[in-house]
Amino acid sequence: MSEVAIELKDITKSFGSVVANKNVSLKVNKGEILSILGENGSGKTTLMNMLSGIYHPDSGQIFVGGKEASIQSPKDAFDYKIGMIHQHFKLVDVFTAAENIVLGLNEDGKYDIKKSARRIKEICDEYGFEIDPMKKIYEMSVSEKQTVEIIKVIYRGAEILILDEPTAVLTPKETEKLFSILRNMRDAGKAVIIITHKLNEVLELSDRVSVLRKGEYIGTVETKEATEQSLTEMMVGKKVSLNIERSEPQGCETRLTLTNVSVVNREGVSVLKNVNFTAKSGEILGIAGIAGSGQKELLEAIAGLQHLKSGSIVYHDPKTGKDENLKDKTPLQIRNLGVRLSFVPEDRLGMGLVGSMGITDNMMLRSYNKGKGFFLHRKSPKTLAEKIINELEVVTPGTETPVRKLSGGNVQKVLVGREIASTPTVLMAAYPVRGLDINSSYTIYNLLNQQKESGTAVIFVGEDLDVLIELCDRILVMCHGQISGIIDGRGAKKEEIGLMMTTLPEKESKEESDE
Amino acid sequence: MGFDLVYFLQRAVAQALPLLFGSNGEILNEKAGSLNLGIPGIMVSGGVAGIVSATIYENSVANPKGWIGLLISLLSSIACSLLVSLIYCVLTVTLRANQNVTGLAITTFGTGLGNYFGGAIASLLGLSSNTITTTVNAYKTPIIPFYDKLGAVGTIFFSHGFLFYVGVMIAVVSAIILKKTRVGLNLRAVGENPATADAAGINVTKYKYITTCLGGIVAGLGGLYFAIDYSNGLWDTQSFGERGWLAIALVIFVMWKPNLALVGSFLFGALYIADVFVPNLTPLTKEIFKMLPYVVTIIVLIATSFAKKKENQPPQSLGLAYFREER
Amino acid sequence: MKKAKSSEPLVRISKRTDISPKLSVGVRVIAIAAAFIVCALVITAITNGRAMPWDVYSQMLKGAFGTVRRVKITLRDTCALLCLGLALAPAFKMRFWNIGAEGQALIGALASTVIIKLCPGLPWWLMLLVMLVASVVAGALWGVIPAAFKATIGANETLFTLMMNYVAYQLVNVVCIFWEKQKGSSDIGVFDRGTLPKLFGVDYGISIVVILLLTAIIYVYMKYSKQGYEISVVGESENTARYIGINVKKVIIRTMMISGGLCGLAGFLLVSGTHHTLNTGIVGGNGFTAIIVAWLAHLNPIFMLLTSFFVSFLDIGTAQIATSCQLNTYASDIVVGIALFFILGCEFFINYKVVFRNSKKAKEAA
């Protein structure tokens, strides 16, 4: 058996009342690639952040090379030869690759960037990187930036590499390239840990897989003995019954039709590709998918916050019966038609609400410009604020308390309450229950159901498959910015959705790899 | 009135020196992410500290020696600038006060300190006159005694006292440090992206403190040159004018490059006194001439924003306090 | 094995999420009290013992309120500062760093002067009206130029507005020389026209009333108008602003038009109500001090009454001491500076919590 590079024993870490990791134990050998697999929120990143010195475990031990280690800061992690490549790159834009790589180092001898560049070249040749050390970061593509981050940790002598969702930002071709580099590193005796939720990558790359689910360690298996089926089961677990009421959809009319919608983001990466679907009034359309598969962009495209590269989004107005193409309309025009996008998860306070304002003023975000005159009309927003506080049981000292000071669940109630108050015809909700306790979550589910029953077309982006299955009438599954299928919510199987989330149907995935 | 080009250029260099020191100090500050609007105040107080200490020295010994006066005033100026810069650091780095507001408060304080003691020193010490001839002479003595044999170049550049060499050297050394050394690399990273610098193991707070203080000292030397060499040790509360702000303008004009500041300060210095030398100027056109440095700076600011060339932009985190837990 | 380090630094700083009003007032009161104590000691030190600490406060009070005339002057200076602070509030609320109030006010004063000089024949009320409009327009223009470049190409507004000050400064010099009284004096002389009618027996009586009225107007504008609301949203998060369909560029330009225009108004009041002349010193650095005044008041016009009074009081009080000691009045800048340091510093203790590592954890880590 090969030598153990790093070992975790009974690691537990909680943030307030939320347990992010509970008694996790795992081991990585030298010359091995270990995948850490789990859904979003399963605690993968938290666990790895404890290895890179960003967090400190509440209890448990970490052993590096057989000896107990105390990792207090990123610098300590370097000293233990642990290097982590984060999802968000930490690079200085106006510096060259080489300057970023040597930043903060105390090498012996005179500072000589050319010498460093030569060493970087050597590293590149050894592992197969392709990078110009003298190129500026702001001129680089995302994958080049990632390469710089990887070289940075190798240059610092890392023997244990941790990569957090490294392929999320890469094209299939770049992913291939990265994998061959990681294999080279393994062959050179380094220990590689890759955090991922993509099953195909796990099976293709790693030697062993450790699975986490909701902060708990489920187990470790040899990759060659695992199948997509068995890993999905470990990842999503057994079905849990939630008892969410679901009425039969009534009076369904098509409200939105998306045809061949494609979106390219600012970095030039394709985030939505040929998306086709319809949303109907009186039903809840669920959207499932690994985080970052294009859900956010999809909703923003409908709300007018994303520029469409091609395709059309047609809104069928129930009042006039007319069809309106939402492409190239401003967010305000779209809102006036009755389409409501409610909250982007990470940005409840950064986009949907203004944190320093009270509930009344936040109600006004939507309505302040209505009505004549120079002055604001606080009366009706205030009434609305009070109504929402009462009906949704928002816990707050008053209507004027800045919403930033409210708990996550209450913030969410304020946001959803406001969006619903304007009687939308289409209501889109992205991760509305993320970070909420059970009771608040049920309040939100009930609200969505009420909207459905009153004839609104509800689009619900969720991450908990149990909820999606019990709440939604139809479930649309996304994978890599494409739709891998739409299934009926009644009778849907978790495993089935799990598989669709990670693999596209034959035809499309082939098309993709042909690029 | 004949136009004496050599004399004009010699005076331009004399005008340039306070600006060179001041902008150099501000560049160091801004490279570490501190938009220090206190520089004008630091320059005034640093300059007057030199005068005050030299006055005290010359009036307390029977036969004052030039080099001692020089040393005392130099050290006092440095100490004073350091102290005022430290106030800025404590407030903006440790206590995370707003940089713009703190800087302006520093300028109020520093200018007040300088002008108060500059004006009141004789009265406070009960002296009838506060000339510091010996020290002034020590400052003014050219280092190269035979400069006048070097022709026009000698007169223009080498007729100045030792602070001329100090100023040029600081500019060259800062340029080299910023561009060619590990410390410079780390410093630039602190100004551009403190979170990245922090993650790379650089002590952001330490870097900010040291560069802001060093920058303050350098700027203070500009005030010292103006106070003792240029103004012969006689402080007039009006004469320093807006040189401090001009130094900040210069930073934008030279796009945060100390080596360019050498040329830029010379140019600004020449523009500053051009009105006196260009023949046939009415007082009216003179004032329009004095506007040029600012207008040119605005044009440079617009042009660099428009070109969006990353290297010529202000450091990215300029003006922002860094708080690790917010990253 | 590596030496174990403590898991937490000795002092940890975290952002406060909530602070009781009691504590936040308490911290400020302590800071102001400390400022007064230190200032008194400093005054004693810099006057070489001519003013003892216990004399300082009575002298200050005498300087600011000793006679009716002094009260009026204190009020006048407070209002001059307040007016510019009010002008800056909307811009700062939008997180637009307008450091150019000095220049915007100067250019406003310049515009008034131009009207006085160019149209001497106008009836007094019409002249004042034209002056007012010209000043406001000029100030607004001075504010809009940097705003337009910020909104379109992202030019750094702090540096831009700062430079605009000195362009205005030189323009004032140009105008002063153009209409100089005696050749070569650069002195434009005292205007015999364009003077506000007296109120409370002083020329600046109307200015004071206008500025107090303006305080209420700005308060209402920022708090109760749609535009004020838009300013808050843009300042808080441009993302949110776009999401709800606010035209961010338009708001930036409109707000700076208001901010600059009000500075222009201040310039008009200085020429017509206070100084009746034009020179580069008539704003007297208040454009910069107003930034501090507005900031310390958390951009609330009502609090600005207090902060501008506080700064003016210190200024006048210290000047009084310096004069009575036959020393120059720059002493007041020193004192104002020190007081500001204290108040700026105390904000930290309101916004952040300083947590010392508790002994239990320290033991654990050792």
Side-chain angles (χ1 to χ4, degrees), chain B residues 35 37 41 87 90-91 94-98 100-102 104-120 123-125 237 242 245-246 248-249 251-252 282-288 290-291 293-295 297-298 301-302 304-306 308 313-314 318-319 323-326, chain C residues 13-15 46-48 50 97 99 145-146 149-150 153-156 158-160 162-167 169-174 176-178 180 183-184 186 285 288-289 291-292 295-296 322 326-338 340-341 344-349 351-352:
Chain B
L35 178 62
L37 296 181
I87 299 176
V90 170
L91 284 171
T94 305
L95 299 181
R96 297 185 194 116
N98 180 287
N100 295 334
V101 179
T102 311
L104 292 170
I106 291 274
T107 286
T108 305
F109 173 73
T111 325
L113 196 68
N115 282 335
Y116 175 75
F117 284 108
S123 152
L124 282 173
L125 296 178
T237 50
E242 73 275 31
W245 300 112
L246 202 58
I248 293 177
V251 174
I252 310 163
T282 61
L284 204 68
T285 34
K286 274 185 182 180
E287 293 302 325
I288 295 176
K290 283 191 189 163
M291 205 189 295
Y294 301 108
V295 174
T297 302
I298 289 175
L301 185 65
I302 294 171
T304 51
S305 309
F306 195 71
K308 294 204 159 58
Q313 300 294 319
L318 188 63
F323 184 35
R324 183 184 272 180
E325 291 184 21
E326 271 166 14
Chain C
I13 290 157
S14 63
K15 230 177 179 150
I46 64 176
T47 56
N48 213 355
R50 288 180 209 181
W97 280 101
I99 311 283
I145 295 170
F149 282 104
K150 166 80 177 182
I153 58 172
N156 183 315
T158 317
L159 301 171
F160 203 133
L162 181 67
M163 293 305 117
M164 291 294 280
N165 286 333
Y166 297 98
V167 178
Y169 193 86
Q170 291 304 332
L171 281 176
V172 166
N173 275 335
V174 168
C176 285
I177 291 171
F178 188 76
E180 64 192 352
K183 214 168 160 33
S186 312
F288 294 109
T289 313
I291 294 166
I292 308 174
W295 185 255
L296 292 182
Q326 282 133 33
L327 295 165
N328 71 48
T329 54
Y330 287 101
S332 55
D333 285 345
I334 306 179
V335 170
V336 170
I338 292 173
L340 294 176
F341 296 154
L344 280 170
C346 89
E347 293 292 309
F348 173 81
F349 298 97
N351 294 324
Y352 296 92

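Values below: every heavy atom of this structure, side chains too, minus hydrogens, waters and symmetry copies. Throughout, a chain's letter reflects where its sequence line sits, starting with A, and its residues are numbered from 1. Bear in mind the structure is a predicted one, so any value in this text is a computation, not a measurement.
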So, for [X] and [Y], which heavy atoms are closest and what is the spacing to 0.1 Å?
X: Tyr116(B); Y: Tyr330(C); value: N-CB, 3.6 Å
X: Ile334(C); Y: Leu113(B); value: CG1-N, 3.4 Å
X: Phe109(B); Y: Gly337(C); value: CB-CA, 3.9 Å
X: Trp97(C); Y: Asn100(B); value: CD2-ND2, 3.0 Å

Chain C contact via [X] - side chain, backbone, both or neither, heavy atoms under 4.5 Å:
X: Asn115(B); result: both
X: Ile106(B); result: both
X: Leu91(B); result: side chain
X: Thr297(B); result: side chain

Just give me the residue among [options] that pairs up with chain C most often, heavy atom to heavy atom, under 4.5 Å.
options: Ile252(B), Thr111(B), Thr107(B); value: Ile252(B)
options: Val90(B), Asn98(B), Ile87(B); value: Asn98(B)
options: Leu104(B), Thr285(B), Leu37(B); value: Leu104(B)
options: Ile298(B), Leu301(B), Val251(B); value: Ile298(B)
options: Thr108(B), Ile248(B), Val101(B), Ile288(B); value: Val101(B)

Would you compute the distance between atom [atom1] of [X] and atom [atom2] of [Y] and round it to the nearest 0.5 angstrom?
X: Tyr169(C); Y: Glu242(B); atom1: OH; atom2: CD; value: 5.5 Å
X: Ile99(C); Y: Leu35(B); atom1: CD1; atom2: CG; value: 8.0 Å
X: Leu318(B); Y: Thr158(C); atom1: CG; atom2: OG1; value: 7.5 Å
X: Phe306(B); Y: Phe149(C); atom1: CZ; atom2: CZ; value: 9.5 Å
X: Ile177(C); Y: Glu287(B); atom1: CD1; atom2: CD; value: 4.0 Å

If we define contacts as heavy-atom pairs under 4.5 Å, which of Phe160(C), Phe288(C), Phe178(C) has the most with chain B?
Phe160(C)
Using a 4.5 angstrom heavy-atom cutoff, name the option from Asn156(C), Leu340(C), Val336(C), Leu162(C) with the most pairs to chain B.
Leu162(C)
Assign the ring pair Tyr166(C) / Tyr294(B) to parallel, tilted or perpendicular, where the plane angle (0 to 90°) is split at 30° and 60°.
parallel
Proximity breakdown for Leu171(C) and chain B, heavy-atom pairs closer than 4.5 Å:
both
Check whether Ile46(C) gets within reach of chain B through its side chain, its backbone, both or neither, counting any heavy atom under 4.5 Å.
both
pair Ile302(B)-Ile153(C): side-chain heavy atoms closer than 4.5 Å:
yes
